Amino acid sequence: MEMARVIVDVPSKGTNRPFDYLIPESMRDWIEVGSRVGVPFGHRTVQGFVVSLHDKPEMDISKMKPIQELLDLVPPLPPDLVELASWMSEKYACHEMTALQAMIPSALKGKAERYVSVSEESDLDEEEESDLLLIPKTREEEQWERIIVGFIRQNGPVRMEQLSSRYPEQAGIIKSLIRRGVLQETQNIRDKVQKKTLKTVILNVSENETEQVLQSFSAKARRQKEVLQFLLEMNFPMTLKEVMSVLQVTAGTVKALEEKGYVKIEEVEVFRDPYKGRKFKPTSPLPLTKEQQTVFDSITRGLNTLNYGAYLLHGVTGSGKTEIYLQTIERCLSLGRQAIVMVPEISLTPQMVERFKGRFGSRVAVLHSRLSGGERYDEWRKIREGKVQVAIGARSAVFAPFTNLGLIIMDEEHETSYKQEESPKYHARDVAIKRAHQHGAVVILGSATPSLESYYAARSQSNSEFAPILLEMHSRALGSNLPEVHIIDMRNELRDGNRSMFSRKLHQGIAARLERGEQMVLLLNRRGYSTFVMCRTCGYVASCPECDISLTYHQKSNNMRCHYCGYAAPAPAICPDCGSEHIRYFGTGTQRVEEELAKLFPGIRVIRMDVDTTTEKGSHERLLNQFREKKADVLLGTQMVAKGLDFPDVTLVGVITADSALNLPDFRAAEKTFQLLTQVAGRAGRHHLPGEVFIQSYTPDHYSIIHASRHDYSNFVREELKHRMALSYPPYCRLILVTFSHEKLPLVVRMAENFSTELQAKARKLGWYGGLDRLTSAALEVLGPVASPIPRIKNRYRFQCMIKCRGDIDAVELTKQVASEIENSVHDAHFQISIDVDPQMLM
DNA sequence: AGCACGCCGACT
DNA sequence: GTCGGCGTGCTC
């Protein structure tokens with residue numbers, strides 16, 4: 001193959017297509033689909049990915065430039081992922097490069113580094129007269145030229161940044177020298193993270209010399225002597241950092257020793273292992289219950305066919321889904337194939353990792369967002385190089401570069417965090433299904449509360465791409481019963497004079513648990529709220545000057561920050577509007593709950609988990625461990641306490657306010673509430689002690705609350721589907737959210753309107769238009785334009801249109817087309833249109 | 001995205 | 001007369 005088509009790392013609509021390059025002879029054997037290359041592009045060198053290879057040119061060969069460099073010996077992406085990226089760019093209306101980039105660790109996002117060296121042919125003194133005439137030089141300029149050329153000649157190829165920081169005023173002269181060919185510029189792609197090395201101090205004197213050497217130190221070089229003695233004692237190479245911190249010496253001291261030749265300082269490569277030193281207790285398969293066995297057998301039959309298959313595993317909390325995952329993975333591996341396990345980021349706890357490492361040991365790679373760039377890269381390489389067969393991680397683990405994939409598991413498949421909110425705005429579930437199709441693999445979607453989309457697809461078997469087979473588990477693996485759930489009408493509490501945030505029943509429940517020494521989980525459902533600063537006198541709320549959103553208060557630094565643009569300001573002591581001192585920090589409320597608990601139950605030990613206490617690295621894990629070790633009676637927190645935690649001694653779960661998420665303007669509000677209540681109720685009585693759940697609510701008759709209290713998923717779904725159908729919401733239609741943004745509000749509004757008009761006109765022409773009546777007629781509807789839920793971010797105004805359409809028409813393509821027309825009609829590069837296919841967050 | 005090419009106002 | 005403002009158009 002002589003030429004390659006390359007997607008270049010210049011994400012813009014003008015460059016969102018492959019460019020053709022010649023493959024130099026020397027690279028012919030190495031360049032493959034998926035190779036990462038450095039290519040000349042315009043006046044610079046950029047990184048790119050080879051997406052196909054060709055023999056015959058499709059364009060004027062003289063216009064083609066050769067690939068400049070091959071960046072990896074093994075292509076970072078196997079061909080199926082390259083194909084997947086192309087599919088994603090279509091489905092989610094994103095740039096192909098953005099999709100490719102999402103698949104590789106950021107360590108492999110190289111940027112060009114510019115070097116300048118002195119040309120061999122050209123010489124400053126022998127420049128032709130004509131050049132001199134064209135570029136008249138002052139004496140000063142001539143002097144600068146000599147200085148700069150001299151500097152570069154002495155130092156070899158010099159980095160451009162180094163040059164411009166050394167001679168900041170002389171950019172013009174450097175440019176001119178390059179243009180005249182006195183200097184020449186080369187560009188190379190350099191990876192962000194390289195193999196990790198540590199500066200290590202190595203002793204460079206033999207043992208019999210040591211006495212003599214130590215004697216030779218003058219009294220003044222006391223520190224140096226200490227370092228040397230220390231190294232002798234340790235008799236082992238120490239890292240420079242260690243030496244410095246143990247002996248409290250500076251790097252200069254060690255450097256001095258190096259200059260005397262007594263030690264060597266070397267860069268020693270280390271392999272990062274985030275789980276280094278941790279022992280994982282090996283576990284073996286547990287006996288399956290009858291229900292588990294049935295499910296396992298079904299999936300195994302699917303696995304054995306080596307064909308695509310999808311299963312929606314609906315199992316109540318505690319029904320033992322994880323054990324099924326483990327045993328199907330085992331089976332998958334025995335077939336010589338690999339497996340991916342996805343769990344929501346928040347559930348990727350050490351306990352979860354432990355279960356997988358315990359069963360599969362070193363055959364597991366863990367892709368965690370908390371890993372450093374380098375650690376992530378190393379875990380990823382283990383997968384790419386076939387050193388592991390199982391990858392476990394959050395959303396992006398779906399791209400684990402296995403070549404013989406047999407199984408993809410998505411735990412808690414209803415979780416919204418599987419949808420990426422930034423471009424590429426993909427849903428890991430769709431991607432998993434696509435990848436499984438590519439590989440002839442099996443997908444397992446597991447949840448106690450499956451998303452309506454998945455459940456509907458399984459029930460109706462209408463969506464041929466997906467159509468999972470429904471598998472259900474109704475009982476808990478350990479034989480415990482689902483906890484008894486009490487709904488408490490808080491309106492009655494108020495009527496009866498109880499103004500506390502705890503109902504009388506919950507109060508009694510807590511008191512009883514304290515007496516018996518059992519543990520409790522308390523959930524404060526405040527989704528969509530965060531800590532904000534408000535004046536109680538005039539109602540002033542501190543908000544960001546650039547974005548129309550209130551600032552979040554951070555206790556630790558006593559300042560306020562904007563979630564969207566990073567703007568920060570100190571928290572005011574008095575109201576900037578009215579001067580009142582009654583300024584208050586309204587939080588998630590967990591703090592207030594904690595205070596009230598302490599008042600009502602003196603001596604109660606509470607662990608509070610919310611944004612304030614879990615921002616620090618590892619704090620989440622630490623708090624959970626403390627609770628596990630029974631260092632507290634109560635685990636109090638927001639949504640994060642509801643997820644997949646398994647504490648044997650928790651016998652009470654209390655939901656302080658069940659309905660705050662219900663009132664959000666989101667058609668999934670009921671579904672989210674049901675899921676949250678069911679999940680958190682599942683935390684109680686998982687083992688031998690029976691559990692009890694108290695749900696406090698001001699709308700106790702809402703069907704999401706009633707059905708959650710009865711652990712009745714199927715009746716909830718029946719009712720919710722009725723609503724969705726009546727209002728034409730997913731799964732009865734598809735949504736596309738189009739957002740327009742620019743600094744100037746009128747432009748945004750006008751363009752959003754143009755878009756809406758134009759899209760409707762085009763749809764009408766295609767016969768798609770005509771109201772969404774129950775899918776019987778062709779259907780596409782444009783809602784809006786309206787201001788986005790956050791109408792201004794980073795000083796850019798935002799308007800949006802929501803498109804509702806039937807699942808079987810390609811409205812994405814039409815949307816892209818119209819969006820691009822609108823974009824082209826605006827002569828301002830700052831104007832942006834963002835397309836979100838199947839949006840999750842509607843607020 | 002960059003970066004050069006190209007056509008109209010304030011200066012040595 | 002030039003330097004330079006940033007509009008627009010291209011990158012294999």
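A, B, ... follow the sequence lines: proteins, then strands. Residue 1 opens every chain. Since the structure is predicted, the reported quantities are computational estimates derived from the model, not experimental observations.
Here the NE2-CZ distance, from H368(A) to R376(A), works out to 10.0 Å after rounding to the nearest 0.5 Å.
Atom-to-atom, CD of Q187(A) to C1' of dG2(B) comes out at 11 Å; the value is rounded to the nearest Å. In this structure, N16(A) atom CG and dA1(B) atom C1' are separated by 13 Å, rounded to whole Å. Look at CD on Q68(A): it is 14 Å from C1' on dC12(C), rounded to the nearest Å. E185(A) has its CD atom 9 Å from the P atom of dC3(B), to the nearest Å. Between I7(A) atom CD1 and dC12(C) atom C1' there is a gap of 12 Å when expressed in whole angstrom units. When the P atom of dC12(C) is taken as reference, atom CZ of F49(A) falls 19 Å away, rounded to whole Å. Taking atom NE2 of H830(A) as the reference point, atom C1' of dG7(C) lies 12 Å away to the nearest angstrom. Per the geometry, CG belonging to L53(A) stands 19 Å off P belonging to dC12(C), to the nearest Å.
Partners of P40(A) under the side chain to side chain contact (heavy atoms under 4.5 Å, CB included) rule, at least two apart in sequence or in another chain, are Y21(A), K65(A), Q68(A). For R429(A), the side chain to side chain contact (heavy atoms under 4.5 Å, CB included) partners at least two apart in sequence or on another chain are M410(A), E413(A), H427(A), I433(A), L445(A), S451(A), E453(A), S454(A), F466(A).
Aromatic ring orientation, H742(A) versus F831(A): tilted (interplanar angle from 30° to 60°).
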Could you run down the sub-3.5 Å N/O contacts of the protein with nucleotides 9-11 of chain C?
{"residue": "dT11(C)", "atom": "O3'", "partner": "G42(A)", "partner atom": "N", "Å": "3.0"}

- prompt: Is there a side-chain contact (heavy atoms from CB on, under 4.5 Å) between T45(A) and R114(A) once you walk through the steps?
  reply: CA-CA 9 Å; T45(A) 299; R114(A) 306 167 70 187; over 6 Å; no
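With ring centers used as reference points, F755(A) lies 6.0 Å or more from F799(A).
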